[in-house]
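Both backbone and side-chain heavy atoms feed into the values below; hydrogens, waters and symmetry mates do not. We count residues from 1, following the sequence as given.
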Amino acid sequence: MKIKSMWLATLLLLLSWGIQAQEQKLLTLDEAVNTAVSKSTEATLADTKVETAALGVSNTKNNRYPELKISGQYQHLTNPEVTFRLPLGNSDEGSNGDGGTSSSPEVNRIMIGQASLGMPVFSGFKLKNSIQAANNMYNAEKFNAANTKEQVAIRTVALYVNLYKAQESVTLIKKSLASANQRVTDFKAMEENGLLARNDLLKAQLQASNIELSLEDAKKQVITINYQLVTLLKLPENTQIKPDDKLFKTSETITPTVTSEEAIAQRNDLEAMRWQQKAAEANIKVAKADYYPSLSFVAGYAALDVQNVFKVYNAVNVGVGLSYDVSSLFKNKDKVQAERSRAEEARQTVEILTDRVKVEVNEALENYNLAIKQRNVYTKAVEQAEENFRIVKDKYDNGLSDTNDLLEAEVQQLQAQINEAFSKADITQKYYELLNTSGKLTNSFNLTQNN
């Protein structure tokens, strides 16, 4: 007996530890979205891409500065033969008849030092247009990052709403299961007393089993959606998120003022595409720069020491350099045409995306209006289903209705209650989807980070 008691105590301890390990966290939608756009992997990657684009601009601007190179060499030689062909003096002593000396000095090392300075003066405006293209791509990346965070936010809203739906389903199905189990208990007592056919008891038991299966499926949905949301928000895996009921309980519905013109002006993905188009147009000018010659300012310094032969110091040179690739007259035509084609692709993409934005805004507005109408219908349906179940139960109690009618009325009541709960959540989701299509989603939340 003592051993059994110890095992029972251990089991209870483990069960209580498991319950505590499942941390429940009440989370508002504002908090969820704020966490998602600041901590999710997608948002972090978007910010990193913006930083990379900014570094690309800085790297391109660095080409405006002069290039200063310093080099030095020390070389060891193996006593080479050195012959001077320039006269070294008036004495003919030691002459070999060729104007050089008859003896070779000992040379076993050479030291060379050089410094060169080059600064571009004119390159067909390539540098200017390259900086402009890099800046345009930086701006495009900023709007791409904002769009990424918008998509992360709307995905968070969808998971948050679906989690609420799943949890509401569990609550409603549990109530229905308790009622079904009680009916099974009552029917069993009636069947044992010969007041009810066994077939009716089996129908009640079958319905209770079906409701229990529905409950398990709803619990699975809660676990699955909760894990997806927790992963997105970078929360501990054992966190059980509890959505804020107040968000879905309000009966007020406010349709936001949304027009296609506002959406076209505010959508981050469309604005990012516009900047990409500008970058492509700047790249056309960069390609055309190869048609022009390049002019640069050059300067240098050199020092040379050949052991026992000669030394050169303070050899300074200053001048200009001019270069021109004649072959560019023939080769550069295709390069320029390719950049023009890319710019045209970007322009057409902007046009396509603009039309898509108009369609999305119209569809989102219709979906929101439909959700409101559905909520009104489902609210009436709940009242009708509850009244229908009351009437059928009264008839059943008075022997005017059979078990099938009673069970069917109860299922209809449960389905109506679930539909009403879902319809309230759908209004919230469609509302934020409408804001998303108009480019106003993240601005509608109190975000602690400036996105």
Side-chain angles (χ1 to χ4, degrees), residues 22-37 39-40 150-178 211 213-256 364 367-379 381-382 385 413-437 441-442 444-447:
Q22 190 76 10
E23 178 187 354
Q24 190 172 66
K25 182 179 181 64
L26 178 62
L27 195 68
T28 66
L29 184 57
D30 271 21
E31 292 171 339
V33 172
N34 184 74
T35 304
V37 299
K39 294 184 179 181
S40 67
E150 287 259 349
Q151 300 313 310
V152 169
I154 195 61
R155 187 150 60 96
T156 303
V157 170
L159 288 173
Y160 190 90
V161 171
N162 289 335
L163 180 60
Y164 170 79
K165 287 181 179 180
Q167 291 180 353
E168 281 294 293
S169 295
V170 170
T171 301
L172 293 172
I173 294 174
K174 279 183 177 179
K175 291 181 180 178
S176 181
L177 180 61
I211 294 174
L213 289 175
S214 298
L215 177 61
E216 293 303 320
D217 183 68
K219 289 180 178 179
K220 184 210 72 173
Q221 291 294 326
V222 170
I223 295 173
T224 301
I225 299 172
N226 183 81
Y227 185 81
Q228 293 174 357
L229 186 56
V230 164
T231 302
L232 178 63
L233 302 183
K234 299 300 180 182
L235 297 174
E237 290 188 2
N238 64 337
T239 303
Q240 176 62 54
I241 295 176
K242 174 65 177 175
D244 186 7
D245 293 343
K246 297 177 183 177
L247 180 67
F248 307 99
K249 297 299 184 182
T250 177
S251 59
E252 298 180 1
T253 55
I254 302 175
T255 303
N367 288 338
Y368 178 71
N369 291 331
L370 176 61
I372 294 176
K373 294 176 182 177
Q374 287 177 333
R375 193 277 309 272
N376 295 333
V377 172
Y378 286 135
T379 300
V382 168
Q413 179 178 248
L414 173 61
Q415 188 61 55
Q417 291 170 346
I418 293 176
N419 288 341
E420 184 191 28
F422 282 14
S423 66
K424 292 179 180 179
D426 285 338
I427 291 178
T428 301
Q429 183 172 348
K430 299 306 178 184
Y431 171 81
Y432 286 110
E433 287 178 356
L434 180 57
L435 292 179
N436 181 54
T437 59
L441 179 61
T442 52
S444 66
F445 293 101
N446 298 320
L447 302 183

Discussion item. Parallel, tilted or perpendicular: which one describes the rings of Phe248 and Tyr164, with boundaries at 30° and 60°?
Written reply: parallel

Practice prompt. Kindly determine whether Asn436 and Gln151 satisfy side chain to side chain contact (heavy atoms under 4.5 Å, CB included), including the steps that lead there.
Written response: CA-CA 8 Å; Asn436 181 54; Gln151 300 313 310; 3.9 Å; yes

Item to complete: Applying side chain to side chain donor-acceptor pair (under 3.5 Å), name anything that partners Gln413, two or more places apart in sequence or on another chain.
Response: none

Worksheet item: Excluding sequence neighbours, so at least two apart, what forms side-chain contact (heavy atoms from CB on, under 4.5 Å) with Ala36?
Response: Val152, Thr156, Leu233

Discussion item. Checking Tyr432 now: which residues fulfil ring-ring contact (aromatic ring centres under 6.0 Å, His included) with it, not counting sequence neighbours?
Written reply: Phe445

Discussion item. Going by the rule salt bridge (Lys or Arg N to Asp or Glu O under 4.0 Å), which residues pair with Glu420 if we only count those two or more places apart in sequence or in a different chain?
Written reply: none

Worksheet item: Just wondering, do Asn226 and Gln240 contact through their side chains at under 4.5 Å, heavy atoms?
Response: yes

Worksheet item: Rounded to the nearest 0.5 Å, how far apart are CG of Leu27 and OG1 of Thr239?
Response: 9.5 Å

Result block: side-chain N/O donor-acceptor pairs under 3.5 angstrom for residues 213-225, not counting sequence neighbours:
{"unit_1": "Ser214", "atom_1": "OG", "unit_2": "Asn210", "atom_2": "O", "d": "3.1"}
{"unit_1": "Thr224", "atom_1": "OG1", "unit_2": "Lys220", "atom_2": "O", "d": "2.9"}

Worksheet, complete the sentence: Residues passing the side chain to side chain donor-acceptor pair (under 3.5 Å) test with Lys234, sequence neighbours excluded, are Thr41

Discussion item. If you compare all heavy atoms of Glu433 against all heavy atoms of Ala364, which two are closest, and at what distance to 0.1 Å?
Written reply: O-CB, 4.3 Å

Worksheet entry | Those residues that, when tested against Asn376, pass side-chain contact (heavy atoms from CB on, under 4.5 Å) (two or more places apart) | Ile372

Worksheet item: Judged by atom type as modelled, is there a donor-acceptor pair below 3.5 Å linking the side chain of Tyr160 to the main-chain atoms of Val33?
Response: no

Worksheet item: Which residue pairs pass the salt bridge (charged side-chain N to carboxylate O under 4.0 Å, His left out) test with at least one member in residues 152-163, sequence neighbours excluded?
Response: Glu42-Arg155

Could you go through residues 166-178 and list every donor-acceptor pair under 3.5 Å that involves a side-chain atom there, pairing it with any protein atom two or more places apart or in another chain?
{"unit_1": "Gln167", "atom_1": "NE2", "unit_2": "Ile241", "atom_2": "O", "d": "2.9"}
{"unit_1": "Ser169", "atom_1": "OG", "unit_2": "Lys165", "atom_2": "O", "d": "2.9"}
{"unit_1": "Thr171", "atom_1": "OG1", "unit_2": "Gln167", "atom_2": "O", "d": "3.1"}

Fill in: Contacts of type side chain to side chain donor-acceptor pair (under 3.5 Å), residue Thr28, not counting sequence neighbours
Glu31

Worksheet entry | Gln228: partners by side chain to side chain donor-acceptor pair (under 3.5 Å), with sequence neighbours left out | none

Worksheet entry | Residue list, side-chain contact (heavy atoms from CB on, under 4.5 Å) with Asn419, at least two apart or on another chain | Tyr378, Gln415

